[in-house]
Amino acid sequence: MAGLNGDPFLGIDDNIEKLQYNNNSKEAIDKEGLVVGIGEDSSNNKNNNQGGEKDMAGNSIHRSGSRPQLDLSKAEIQGNSEERDPTILLPNQTDDISHLALDIGGSLIKLVYFSRHEDQSVDDKRKKIVKERLGISNGNRRNFPVLGGRLHFVKFETSKLNECLDFISSKQLHRGGIDSHHWNSEAPANENAVIKATGGGAYKFADLFKERLGVSIDKEDEMDCLVAGANFLLKAIRHEAFTHMEGHKEFVQIDHNDLFPYLLVNIGSGVSIIKVDGDGKFQRVSGTNVGGGTYWGLGRLLTKCNSFDELLELSQRGDNRTIDMLVGDIYGGMDYSKIGLSASTIASSFGKAISDKKELQDYRPEDISLSLLRMISYNIGQISYLNALRFGLKRIFFGGFFIRGHAYTMDTISFAVHFWSKGEAQAMFLRHEGFLGAVGAFMSYQKHGLDDLMVHHLVERFPMGAPYTGGKIHGPPLGDLNEKISWMEKFVLKGTEITAPVPMAPPGTTGLGGFEVPSSRGATLRSDASALNVGVLHLVPTLEVFPLLADPKMYEPNTIDLSDHKELEYWFTVLSGHLPDLVDKAVASEGGTDDAKRRGDAFARAFSAHLARLMEEPAAYGKLGLANLLELREECLREFQFLDAYRSIKQRENEASLAVLPDLLPELDHMDEETRLLTLIEGVLAANIFDWGSRACVDFYHKGTIIEIYRMSRNKMQRPWRVDDFDLFKERMLGSEGKKPRPHKRALLFVDNSGADIVLGMLPLARELLQRGTEVVLVANSLPALNDVTAMELPDIVAEAAKHCDILRRAAEAGGLLVDAMNNNSLDGSRGNSSSVPLMVVENGCGSPCIDLRQVSSELAAAAKHADLVILEGMGRALHTNFNARFKCEALKLAMVKNQRLAEKLIKGKIYDCVCRYEPAT
């Protein structure tokens, strides 16, 4: 029996959802009378062959002929043309270009939309001077507005289509979005406006979209979108792909240069197996009509379940041994070891029903559901592997409505691939698998702007209110902050548990686009523990890979392995214990108002919900490291509009430290070289004790003034330190046997805390390097995090310090840090003191106590190109992350360990031990 294209089994992956509206499907009948359902997405549809491109097998590849075009005539930049993402006016644009795409299935609507960042770059003279010195130009700025924004992922039930339309309308997504400066949301709708969509619903509901939103649906081929979406996500998302064996998820890093070819198995109602050879190059090589529709259809007949989710819920409580005939049943409980079959191997699915004298009602629905799930999953896994073997492929990605993040489904497919390949091939799954079609439809816009994005350009965030979680919908896509807080407070009043990242609808109710919570979960608002969460993708094209990493592909920023459950539990306890103090500081930073208290309470609940979610499922947000947890906390603070919780504390500590600096510098100048260098390193280590992120250090703050604590810390500096490479660093700096080494050309100093840490520790070290003729670049956070100093704050600190030191003043002038000096010099045409080596400040591109050097600012990347010394200071940047990082240039890692657990794990030491680790260039 042969189906179309000669396949022994033909299953079109038109999604299980399409079963709900068969009136939109065509039917093909093979020679022996087999009815095969083919939806409009079929690449064999004759209507798609007219004038279309051909793939490698000669099949038509549909390309839309109605793409909206940009009319750039008389285009002009509005406002400051030096802004990073300037607003561009297109006065002659006739089409409304939507930043919205949909995949409309029979059960779910998957929606991907774009929003611009609200923040814009400020006109900063200092930054302009630094850019000129570092040779950073704006010539490669891309003007299309999709860059520098966010991609959001939302799901709605198709039965609640009107709620989806309301959501689109409320955010004006069909006309560029309410946050867009490029389109006027008050203008009348343009009759030429189009929205890209795929899936059967793009045909079924086209008239309704025109009636409600005044837009036309531009229908994109489903298979085109599926492949385009998979290609983009695999290349752009660092932890997109993962394996799933015996309940254990492990994320797989995909090298985008080595992605193709691969096998994409899309499991909808049927199964399509697609060989992908490149962008736009693919062919459907096989398939089977035994897929998700088979599971749902047979399951409904045998168990009377009313939904796909209910059937999956039953399987979680099933025991297939009551129905399936196992090898052990045939061989008296023994293995058939001669051919490698264990006693627990399924010999025949549903085989026991032959000999058992039972009727259907005698079998538990749970057991039937599990047996059916195993039968179909194993079959799909085997067929997929055989096709991979046929084309010599090791990499197989599975997706489609059938998967849905369901742990047991992924396990059974993985087991089948592993079993039949004898461990040589791997089944892999995608975190965004439900959105492949919608992402592909978004990319079908001619000017979508995503093609050139690399993995380091995207940052995934998980706000409380990201409207998609765990393969299910659990509440509204929340609007403004007040709505978000009100939603959370309602749950607290009811005494109901909130889980991250979305407050979920209570049992028996639905929110906007919400499913009912599965009955088997009872009254607890908790998603399936096996599910993965999808956040909001921030598109930041100014981020780059740090060019001094010795091997970027092997680089792993996190030092602490949180796959160890005990380790995870410990750090969750630490973060939870620090939370009340952090909330107090955050509320105080906003004046202690009632509004601030309300936001502080909401932040505490939201972050606690994140921790609870990750404790239950550590892989929910992707690969988890300590740096990710710390960054999640800072993002959560910003989400509730606490932009700088330690602002007043930092200011107070800076002032106190700057008052001491004039006495410290002359003291240093009277020392010999060797003593001074040791004193400088001791000063950095001693000053690094000031860390509001450490409970031990917070306790210190209550025992004395900042200067008293600093002096106490200095007095305890006794060598040898726990990690002590000072002698190696001294030899490099001062030489040996009378030989003077060449000075470093440029040093990058990654600074940590405000106050004594920067003023009494890192600035004197920078001054020493400047005296030796080394250019110095201070690298600081782009956004506040705890009491860490930021790049915006550093110039003022340097300017104040420069009042007491000619070395710092001349270097700061040369580096463009002293605005008054810059203004005075501009009168005679000079630009700072060109004879002095410059002291510059650049932002690192992040807002966390840690740093991932795979994503740094373009300023830092440019500064690194001529650097031959990297100094990483502080626990976050030198221990929590980057302790094991290797660089092309020399590196010095300096930190005081302020956590007992970290001291034991990392350096086999104790709290307040010091690390001075020097590494020659690799």
Side-chain angles (χ1 to χ4, degrees), residues 130 134 456 543-552 554-559 627 677 680-681 684-685 688 723 725-726 728-733 741-752 757-758 761-763 765-770 772-782 788-789 791 794 815 837-846 848-895 915-922:
V130 171
L134 298 177
H456 54 270
L543 292 179
E544 298 184 28
V545 177
F546 189 58
L548 293 178
L549 286 174
D551 188 351
M554 297 300 294
Y555 169 76
E556 168 55 50
N558 286 289
T559 307
L677 186 61
L680 286 167
I681 298 301
V684 171
L685 295 172
N688 192 235
V723 177
D725 292 337
F726 173 76
L728 292 175
F729 181 63
K730 180 185 70 174
E731 183 177 341
R732 169 61 184 90
M733 291 290 290
R742 60 169 181 79
H744 294 96
K745 182 178 181 181
R746 177 182 291 171
L748 303 180
L749 275 61
F750 288 75
V751 297
D752 190 9
D757 199 353
I758 178 65
M762 292 299 278
L763 270 184
L765 179 60
R767 177 177 177 265
E768 178 72 16
L769 291 167
L770 290 167
R772 295 176 177 278
T774 301
E775 294 183 1
V776 174
V777 180
L778 300 177
V779 184
N781 268 12
S782 300
D788 290 2
V789 68
L794 262 180
V837 290
L839 172 63
M840 295 173 280
V841 171
V842 299
E843 58 181 291
N844 58 19
C846 74
S848 166
C850 303
I851 187 167
D852 183 342
L853 294 174
R854 294 171 299 194
Q855 293 181 304
V856 302
S857 71
S858 55
E859 290 179 15
L860 175 52
K865 289 178 182 176
H866 299 291
D868 49 4
L869 174 63
V870 168
I871 300 179
L872 291 161
E873 183 235 358
M875 280 209 311
R877 295 163 188 84
L879 299 183
H880 290 320
T881 54
N882 301 305
F883 187 67
N884 299 319
R886 294 293 177 265
F887 299 93
K888 296 176 182 177
C889 66
E890 297 170 51
L892 182 66
K893 299 168 184 177
L894 301 169
V915 172
C916 175
R917 186 173 186 175
Y918 172 71
E919 298 162 354
T922 301

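Scope of the values below: all heavy atoms of this structure, side chains included, with no hydrogens, waters or symmetry mates. Count residues from 1 along the sequence.
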Hey, could you give me the [atom1]/[atom2] distance between [X] and [Y], rounded to the nearest 0.5 Å?
X	Y	atom1	atom2	answer
F883	L872	CZ	CG	11.5 Å
E544	E859	CD	CD	10.5 Å
D752	L894	CG	CG	11.0 Å
L860	N844	CG	CG	7.0 Å
L765	L892	CG	CG	7.5 Å
E843	L778	CD	CG	14.0 Å

Heavy atoms only: give me the nearest [X]-[Y] pair and the separation to one decimal.
X	Y	answer
Y555	L853	OH-N, 3.1 Å
P849	D788	CA-OD2, 3.5 Å
A867	C889	O-CB, 4.1 Å
M733	L769	CE-CD2, 3.7 Å
A791	A780	N-CB, 3.6 Å

Validation row: [X], [Y] side chains within 4.5 angstrom (heavy atoms):
X	Y	result
F726	L677	yes
E775	K745	no
N781	R877	yes
Q855	C846	no
D852	T881	no
E873	V684	yes
I871	L869	yes
V751	V779	no

N/O donor-acceptor pair under 3.5 Å between [X] side chain and [Y] backbone:
X	Y	result
S858	L543	no
N558	H880	no
N688	A895	no
T774	P743	no
R746	A863	yes

Looking at K730, E890, K893, which one forms a side chain to side chain donor-acceptor pair (under 3.5 Å) with Y918?
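Going through K730, E890, K893 one by one, the side chain to side chain donor-acceptor pair (under 3.5 Å) with Y918 is satisfied by E890 alone.
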How would you list all residue pairs meeting ring pair (Phe, Tyr, Trp, His ring centres under 6.0 Å) that involve residues 849-870, not counting sequence neighbours?
none
Begin with the C-alpha distance, continue with both residues' side-chain angles, and end with the deciding distance and a verdict on side-chain contact (heavy atoms from CB on, under 4.5 Å) for L749 and V777.
CA-CA 6 Å; L749 275 61; V777 180; over 6 Å; no
What residues, two or more places apart in sequence or in another chain, satisfy side chain to side chain contact (heavy atoms under 4.5 Å, CB included) together with A864?
F546, P547, L548, L748
With a 4.0 Å cut-off on N to O distance, would you call R886 and E919 a salt bridge?
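Looking at E919 together with R886, the answer is yes, because their closest N to O distance falls below 4.0 Å.
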Could you walk me through whether D551 and K888 satisfy the salt bridge (charged side-chain N to carboxylate O under 4.0 Å, His left out) test, starting with their C-alpha distance in whole Å, then the side-chain angles of each, then the deciding distance to 0.1 Å, before giving a yes or no?
CA-CA 9 Å; D551 188 351; K888 296 176 182 177; over 6 Å; no
